[in-house]
There are 2 protein chains.
Amino acid sequence: MPNRKIATPITLIDVKSACSNCNLHELCLPLGLSHAEIEKLDEVVANRRRLKRGEHLYRAGQPFDAIYAVRSGFFKTDVLLEDGREQVTGFQMTGELLGLDGISTEHHSCNAVALEDSEVCTIPFLHLEGLSREIQTLQHHFHKVMSREIVRDHGVMMLLGTMRAEERLAAFLLNLSQRFTARGYSPAEFYLRMTREEIGSYLGLKLETVSRAFSRFQEEGLIAVQQKHVRILNTPGLKRLMSHQQGRG
Amino acid sequence: MPNRKIATPITLIDVKSACSNCNLHELCLPLGLSHAEIEKLDEVVANRRRLKRGEHLYRAGQPFDAIYAVRSGFFKTDVLLEDGREQVTGFQMTGELLGLDGISTEHHSCNAVALEDSEVCTIPFLHLEGLSREIQTLQHHFHKVMSREIVRDHGVMMLLGTMRAEERLAAFLLNLSQRFTARGYSPAEFYLRMTREEIGSYLGLKLETVSRAFSRFQEEGLIAVQQKHVRILNTPGLKRLMSHQQGRG
DNA sequence: AAGCCCCTTTGATCCATGTCAACGTGCGCG
DNA sequence: CGCGCACGTTGACATGGATCAAAGGGGCTT
């Protein structure tokens, strides 16, 4: 959590996010909306907020009143147990939404932290509900986004409940690869924004186990890793890894 | 999956569920709605469907067009991997909703199976969306329900990612106890509707491990178990179990 | 440019839970 | 009413990943 002295003193900037001008809307909430509808949405997406690496977008327990769309950067969400144990519940990149968990109790139920300097669009939730009572497409798309989050979580449960360490890491890398691809980046080469410990927490493994699995993949020629830089050399090989043995030790 | 010969040949019964007369609405979708609003909802909740034990409400891959509210009985949802591995993603009881995962792709992404003879209300999803564009309370409540599902899944991820076997089982029993309590049943005594294997799948454990944990809890005087009959003798003791050590082996 | 600290890697050992096996038990069906 | 079978329990052993430990590397700070 480096607290570097920086030129920009304010993180809350009152500038229209302008969904209509945003090249992300194919990935984000406006997906499928007409131009006129997107302009209505512009009125709801109140402002942008910049975060430095390590900064919290929100913390568990804080009152909820908006969801956020990642405009640039990279986040993690996590849940802390009283005894200090941490579970990373997800990593969010460009175009993905943050804060959906807060709707339930009107308080955030997890922490959201920027893993690199990032920018989000703030979407006041009551406004979004209002607009989605008017625009059926928006309503339906929002429901799909929430549902997708549920499906995603089931995938993670599957991973945590039935897969062994190397399968989990393979699944994780393939998932990242696919999401980078969808954003126009290379499917085969990327920088991890999170530490081995955060990967481990997400995958239910210790950081040493994650590190060893990386090394093993490298030995087997499946990937090339150096620190946070990953190149996938053999995608089918990684996929094959995932459909094998039973059990967890 | 006993295929008993039964008197009732039809499972799809065209009878109004009548939310307005249903004593469950404090637990279910109509929560917080006015009487007039509940009557509108009655028009949407198309019909009831009865399922025998072992019967599927829906299967992964089937087209999605409705969500379901459990009116009576008990369900599990699960996801299957190609290689046969199963992950139980949840157990649903009276008043809880099934099928939210299907909204995302318009196809169900998991299987829903009745663990005892059960009855559900069918809620055609497009109708629900239509009505929730009219009734803000309903819209907001529905969003809360979806969000609650996300929060619940994060809890399971925490459990699978950071807890050891006995902690997981303690968390599971306390959760069941709390949900039975909310439904007016005894918090301390209930019948499990699922097998040790299903519990194990949900908790990311093998059935033998679940069985041993039950036996251990019994030795320690925390519970009394006999087969599917469970009595909780020491709730604080179970809670204490959950806030201890690190690590998974 | 140097130094520090965090992250990562790797090795050695341990332990929780998986695996395999055998036996017990109660429900449902014939 | 009793038999069979799925479910549950318990024991012995195997092992994957955790734990403990130590050393190397890279980037940010000074």
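To find a chain, count down the sequence lines: A is the first, B the second, and so on, and within it residues start at 1. The figures that follow rest on heavy atoms only: side chains count, while hydrogens, waters and symmetry mates do not.
- Ranked by how close their nearest DNA chain D nucleotide is to the 5' end, Met194(B) and Leu207(A) are led by Met194(B).
- Leu160(B) places its CG atom 16 Å from the C1' atom of dG18(C), with the value rounded to the nearest Å.
- Protein atom CD of Glu166(A) is 16 Å distant from nucleotide atom P of dT15(D), rounded to whole Å.
- If you take CZ of Phe214(B) and P of dT10(D), they are 12 Å apart, rounded to a whole angstrom.
- Considering only residues two or more places apart in sequence or on other chains, Phe217(A) meets the ring-ring contact (aromatic ring centres under 6.0 Å, His included) condition with none of them.
- Here Glu149(A) pairs with Arg152(A) in a salt bridge; the nearest charged N to carboxylate O distance falls below 4.0 Å.
- Of the candidates dT9(C), dT17(C), dT10(D), dT10(D) carries the atom nearest the Glu208(B) side chain, counting heavy atoms from C-beta on.
- Here the P atom of nucleotide dT17(C) and the CD atom of Glu167(B) are 9 Å apart, to the nearest Å.
- Between Ser211(B) and dT9(D) there is a side-chain N or O to OP1 or OP2 distance below 4.0 Å.
- Residue-environment remark: CD (Gln218(A)) exceeds the threshold of 12 foreign heavy atoms within 6.0 Å.
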Footprint string (nucleotides 22-27 of chain D, 5' to 3'): B base within contact, S backbone only, - free, heavy atoms under 4.0 Å:
----S-
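- Between the base of dC6(C) and the side chain of Glu197(A) there is no donor-acceptor pair shorter than 3.5 Å.
- Of the charged side-chain nitrogens involved, at least one lies within less than 4.0 Å of a carboxylate oxygen, so that Glu220(A) and Arg216(A) count as a salt-bridged pair.
- Computed from coordinates, the Lys206(B) NZ to dG16(D) P distance equals 14 Å when rounded to whole Å.
- Considering only side-chain N and O atoms, Thr209(B) lies nowhere under 4.0 angstrom from the phosphate OP1 or OP2 of dT17(C).
- For Glu119(B) and Arg48(B), the salt-bridge test passes: some basic side-chain N is under 4.0 Å from an acidic carboxylate O.
- Rounding to whole angstrom units, CZ of residue Arg85(A) and P of dT19(D) are separated by 11 Å.
- Here the nucleotide nearest the side chain of Ser215(B), chosen from dT9(D), dT10(D), dT9(C), is dT10(D).
- Using a 4.0 Å cut-off between charged side-chain N and carboxylate O, Lys76(A) and Glu86(A) make a salt bridge.
- Between dA21(D), dC7(C), dT17(C), one nucleotide has an atom nearer to the side chain of Thr195(A) than all others, and that is dC7(C).
- Remark: Phe75(B) engages no residue in a ring-ring contact (aromatic ring centres under 6.0 Å, His included) (not counting sequence neighbours).
- Ring-centre distance between His108(B) and Phe64(B): below the 6.0 Å cut-off.
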Atom pairs under 3.5 Å, N or O on each side, protein against nucleotides 12-14 of chain C: can you list them with distances?
unit_1	atom_1	unit_2	atom_2	d
dA12(C)	N6	Arg212(A)	NH2	3.3

Before giving the answer on side-chain contact (heavy atoms from CB on, under 4.5 Å), spell out for Cys22(A) and Arg71(A) the whole-Å C-alpha distance, their side-chain angles and the decisive distance to 0.1 Å.
CA-CA 9 Å; Cys22(A) 178; Arg71(A) 196 176 157 80; 3.3 Å; yes
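- When distances are taken from the side chain of Lys228(B) to each of dG8(D), dT9(C), dG17(D), the shortest belongs to dG8(D).
- No more than 12 heavy atoms of other residues, nucleotides or ligands lie within 6.0 Å of CD in Glu197(A), so this atom counts as exposed by the packing criterion.
- Regarding Arg216(B), its CZ atom lies at a distance of 14 Å from the C1' atom of dT10(D), rounded to whole Å.
- If you take CE of Met163(B) and C1' of dA16(C), they are 16 Å apart, rounded to a whole angstrom.
- Counting heavy-atom neighbours within 6.0 Å of Glu82(B) CD, excluding the residue itself, gives a total above 12.
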Please report, to 0.1 Å, the donor-acceptor pairs under 3.5 Å made by any side chain of residues 182-191 of chain B, with sequence neighbours excluded.
unit_1	atom_1	unit_2	atom_2	d
Arg183(B)	NE	Thr94(B)	O	2.7
Arg183(B)	NH1	Arg179(B)	O	2.9
Arg183(B)	NH2	Thr94(B)	O	2.9
Arg183(B)	NH2	Glu96(B)	OE2	3.4
Ser186(B)	OG	Ala188(B)	N	3.0
Ser186(B)	OG	Glu189(B)	N	3.1
Glu189(B)	OE2	His229(B)	NE2	2.9

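- For the helix from dA1(C)-dT30(D) to dG30(C)-dC1(D), the axis fitted to the five pairs at one end and the axis fitted to the five pairs at the other end meet at an angle of 50° (nearest 10 degrees).
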